[in-house]
Amino acid sequence: MGNLSDSIPNRFDYKQASAEIYAAWEADGCFQARVNPDRKPYTIVIPPPNVTGALHLGHALNNTLQDIQIRWHRMRGFEALWMPGTDHAGIATQAVVEKRLKEDENKTRHDLGREKLVERIWKWKDEYETRILNQLRSMGCSCDWDRTRFTLDETCAKAVRTTFADLFGKGLIFRGKRLVNWDTFLQTAVSDDEVFHAVTKGHFWHFKYPVINPQAGEPTHVTIATTRPETMLGDTAVAVHPDPEKALNTVEELLREKLAHVPEKEKEAVQQQIDALDERRRSHLPLLETLADMAKRGAKLMLPLVDREIDLIADEWAKPELGSGCVKITPAHDPNDYEVGLRCDLRMINILNPDGTLNDHAGSYEGLTIKKARAKVVEDLEELGLMVEIEDREIDLAHSDRSKTPIEPYLADQWFVKMEQLAQNAMDAVTDSRVKIFPERYAKGYLDWLGEKRDWPVGRQLWWGHQIPIWTKTFDSAEEAGNAAATWNAHTDAASGAISAAVESPATVHVCVREEGHATEAELEMQGFVRQEDVLDTWFSSALWPHSTLGWPEKTEELDYFYPTSALITSRDIITLWVARMVLMGLNNLGEVPFSEVYIHPKILDGAGETMSKSKGNGVDPIDVMDKFGADALRFGLTWLAAETQDVRMPVQFECPHCEEAINQTKKNRQLPTIECPKCNKPFSTQWAKTDEDKAHPRGAVISERFELARNFGNKLWNAARFVMINLEGFAPQRLDYTALPLEDRWILSRLSTTTQKVTDAIATYHYSDAARLVYDFAWDEFCSYYVEMAKPRLQDPEKKAATQQVLAHTLDQLLRLLHPMVPFITEAIWQQLAQFGDVRSLSGKAEDQKWLMRSDWPEAELEHQDAQIETQFASFVSVLGALREIRSRQGIKPKETVRFTVQCAPEIVALLEPMQTYFEALAGATCEGLGTSFGDLQIPPAQVSVDGMEVVVDLGDFIDVDAEIARNEKLDANLVKQIAGKEGKLSNENFVSRAPEEVVAKEREALEELKKQLASVRESLKRLRDSK
RNA sequence: GGGCGGUUAGCUCAGUUGGUUAGAGCGCCACGUUGACAUCGUGGAGGUCGGAGAUUCGAAUUCUCUACCGCCCACCA
């Protein structure tokens, strides 16, 4: 016994052991999945992390949950494939690299050129991909690394071009004008979700356009207002409501309806709005009516500064209740105006160059930046006497998330994917449950979003990405174009294979070539076709991920075997962008959904409820957590917190590198370059350290104490295993007759069986937190606190030792399996040590033939071990134990002192407790002097506790603190009186007695009797205690 | 403006189909280092379950309204 306790340290050296174990697993091919007809496949494709930067805690959660499913299924006998990889992340990555280029070398991408920039981004990608994959390894992720893919690698590129050509051929790719969010710094369109809004101070300019040849009774000018006066250069109309009176009435109706429902305190504000309408009828309506009539007769206005004739139009977009009631229409630079432009067939004049300066449509303003143009337009309008008023106003301005510069709405040619049918197919897959989403409520967002069936703009004006495989040429006539298209289309089924062509009215031909580097490409270029510069939206390649990673469009064995994949585990913010697109692309390319289940996990927020991010400084790095607590603690901690409905709130601390003090992070201190530790008064640096002075201090990690629970649990498990192994010397496996086992063995086996069943169920339904809690409680409270404690005396008894060893070995072995998916390293480390006691550890006597725990079998719940009666019996034991401990504690009995006790209880409880008698000694330092009996008359009154229909009486002799007992009993007395009153009240309520189910009433009666008994007992005790004084 | 989620102990969260005295971890208080574990053990204190109303014999749990927090979508001359 001595050598083992010396050789097993009482701490798990997670740093060294984890690395060694992982390397050994990998070397032994434990992560590999192969096409294997003898097993059922289980597949997860990783949500490929962006190569923009290192992984954060959200990724850690995402990947932990995936690894749990993968490891669990692997143990259950599935051929489990976890497909790893990373995402090129289009604009995000290019923006990061461009920013770096600007900072380090003061160069723009145009200084470098496309090729050089892309080269730089590849370098960045290599660096971060390595970092990311190593982070995943440190976390213990059991990915099949041989299959690692990148969304921009050749396999994926082929899938992208094949898909694009297919859609093009089906007529689902088309070209259209579209207002895009133009980032003038990066000179690219950014998607709506890459835009953030910020309120800035600005102005609201009111100015007027002259009416051309106004007729009698008509105004000479029309007043409009805008926050962006320079856009007037692109105006092609001014709109007025066709029926302003009706519009005002409608508004009033709505307001009156609101008035009826709105709370009292808001009524006044609504009433004011209604009054304002009356005022407006007087002040504006006659003019607006006139203008509406003018619009109908086709009146024209003169657009000042550029002297362009524009229409006065009637359109409902103009709101008579706002501003002057007239609105300028700039279809090429405003989303709403664009809609008006389409409706009224207006000219769309783009006044901007890609770099944000004005182009030749702006006349004399050409070449100016927006800012300068704005100032000059205002100045010139003032000079012409057309400026009416300038208001100060706060403006909610769209900014690019990537460059932080203001967005300019900009009309550009874009490539679109027609969504109508694709979206419908993806919706059907969820409605008919071919794809199930957990938690279910997220299906709504998915369906709503797809239901809009908005065409998908897939082009990005970037250099980093899959370049659109289209060559374009504009011919002199539609006829020529038609001929060219027909010629190229004729090649489609010929040797050159994969081509299709389409004419964009009037005379532009687009040719899409499927094969990369095909001779056709050169041929097209020779004929004057030019390849589209744009690259595809990064989500286009991500949408193919579940099948492109398996080799599609090749008909690979892997594709056949592993597709459709089994589960997709991801975070809620990309349900639409990614999940929906994967479903529709999977259906389009393979006719099958890409996965059958989608699990959406919570997000990780900091202590203030904000999302974590590097730019806020509240981001916890999984590496720091692993350094401090270990990978298992990171994983278990996250699993523990991953409950169904809630996001994970995780208060964050700085850790002082000098004294390890944890300093709560606040909004104030989280962006400081250095912080002084309040405990040891030494400074440390943070991620914000920029100056040499700041950087000289050692770095304080950002961590969260949230992981202590998991770290402690690992330690508990390790030491329980240590205890078992120290006591396993001379262990000889044997077949035990379950029915002949003593109560404590049957109890722990019953609990093990129940736990196994529940944990299995929890993981299967993605109730991760439940799974963690179940196994934590079993391991700590049941196995350690009771079974191991009870095993101690038994191991000293030669008669009982062997059976005890067997049950200990079995339970530990099974427990390790249950825990392995969540905490793979520590369980594997223990399991390897346990192996030295032979390969037969299970009660069944079956020899374990796997070298690695991660490759061993998941436990089956032994249903015949579940025994409710045994569990009740054990509960009585625990109650008595608790009573004894409480008395000891209350009375301040020293641990070394043994006390004597009896339990007064019914005969059937005596039978329950009988076999457990000896354990009171070991677990509570109390000797049982009788069950079902009392001490008889003691000279000094005993301490007494009544629980579950039992009276636990402890003879403390002279040691008793009578006053303490009296105080306690008095408190109990009062409490019982209160409860009894409550129960009596309930039972005297005729309604309750007659309407509640009989069993509930009976239960209440029983409880009342029990309470009364207790009260009697307490009072008797009190009397004796008082008498003794 | 539309939708979703949350509000339970000082903190972070559980709470199954409504039914005894609402649980856990951390923190706090008291005691404790006898050979698995002080990253531990034993005991204790601490909650009128955001508010109002309704249904019911009975509500943390169901329904309605409401407040606050968070997220998503739309819109903002």
Side-chain angles (χ1 to χ4, degrees), chain A residues 1-2 5 8 10-12 192 197 204 224-228 231 239 263 317-319 322-324 326-330 334-337 395-396 439 441-442 444-445 448-449 452 572-573 575-576 602-603 605 607 609-611 629 633 640-641 643-651 705-706 708-727 769-770 773 776-777 784-785 788-789 792 882 885-890 892-896 923-925 975-976 978-979 982-983 986 989-997 999-1001 1003-1004 1006-1008 1010-1011:
Chain A
M1 174 161 160
S5 66
I8 307 175
N10 66 358
R11 292 276 187 279
F12 174 50
D192 288 343
H197 291 261
F204 198 44
I224 48 95
T226 179
T227 55
R228 297 189 301 153
T231 59
W317 166 240
K319 305 276 189 291
L322 294 177
S324 67
C326 298
V327 56
K328 66 194 266 307
I329 304 295
T330 323
D334 181 280
N336 295 302
D337 292 5
I395 296 165
D396 190 16
R441 64 173 183 279
Y442 290 114
K444 188 173 159 34
D448 287 352
W449 187 81
E452 292 186 27
R572 76 172 95 87
D573 33 12
I575 295 174
T576 52
K603 300 195 68 166
L605 310 174
E610 294 183 34
T611 51
F629 299 105
W640 177 273
L641 292 167
E644 175 142 359
T645 53
Q646 288 272 99
D647 282 341
V648 175
R649 183 81 66 101
M650 186 170 285
E705 289 173 328
R706 237 348 66 111
E708 279 178 6
L709 163 100
R711 190 259 325 257
N712 295 354
F713 178 55
N715 183 252
K716 188 72 181 176
L717 178 71
W718 179 261
N719 278 288
R722 181 167 178 262
F723 170 84
V724 171
M725 289 190 283
I726 288 169
N727 288 288
S769 176
D770 291 350
R773 283 160 211 258
Y776 176 97
D777 288 346
C784 292
S785 295
V788 165
E789 290 305 320
K792 286 175 182 173
R885 285 170 167 173
E886 189 205 323
I887 290 170
R888 293 193 62 117
S889 173
R890 176 171 15 117
I893 307 295
K894 294 259 173 355
K896 282 177 188 163
L923 274 71
N975 192 6
L976 284 165
K978 210 166 98 187
Q979 283 187 55
K983 287 265 181 289
K986 204 169 183 181
N989 180 346
E990 185 52 37
N991 276 329
F992 174 67
V993 179
S994 61
R995 295 198 197 187
E999 51 186 72
V1000 173
V1001 178
K1003 231 171 153 186
E1004 287 292 305
E1006 232 170 81
L1008 178 61
E1010 169 62 24
L1011 288 170

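Checked against B/A36, B/G5, B/G19, the side chain of A/R441 finds its nearest nucleotide in B/G5.
Residue A/R649 is the one, among A/R649 and A/A721, whose nearest nucleotide of RNA chain B lies closer to the 5' end (criterion: closest heavy atom).
Side-chain contact between A/W640 and A/R706 is absent, with no heavy-atom pair separated by less than 4.5 Å.
Defined by atom type and a distance below 3.5 Å, a donor-acceptor pair is missing between the side-chain atoms of A/S889 and A/R885.
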Distances under 3.5 Å between nitrogen or oxygen atoms of protein and nucleotides 20-23 of chain B:
{"residue": "B/U20", "atom": "O3'", "partner": "A/K983", "partner atom": "NZ", "Å": "3.1"}
{"residue": "B/U21", "atom": "OP1", "partner": "A/K983", "partner atom": "NZ", "Å": "3.2"}

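Between A/S785 and A/L923, the shortest heavy-atom distance links the atoms O-CD2, 4.3 Å.
Within 4.0 Å (heavy atoms only), A/K896 reaches no atom of the nucleic acid at all. Looking at heavy-atom distances under 4.0 Å, A/E999 makes no contact with the nucleic acid at all. As judged by a 4.0 angstrom heavy-atom cut-off over every strand, A/W718 is placed among residues making no nucleic acid contact. Residue-level contact check: A/K444 touches the backbone only, with heavy atoms under 4.0 Å from sugar-phosphate atoms and none from bases.
Checking the phosphate oxygens (OP1, OP2) of B/C71, no side-chain nitrogen or oxygen of A/K603 falls inside 4.0 Å.
Nucleotide B/A77 holds its C1' atom 7 Å from the CH2 atom of A/W317, rounded to whole Å. What separates CG of A/D770 from P of B/C13 is a distance of 16 Å, to the nearest Å. Distance CG (A/L709) to P (B/G25): 9 Å, rounded to an integer number of Å.
Using N1 to N3 plus N6-O4 or O6-N4 for Watson-Crick, or N1-O2 and O6-N3 for G-U wobble, each under 3.5 Å, B/A52 pairs with B/U64.
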How would you summarise protein contacts on nucleotides 38-44 of chain B per nucleotide, using B for base, S for sugar-phosphate only and - for none, with heavy-atom distances below 4.0 Å? -BSSSS-
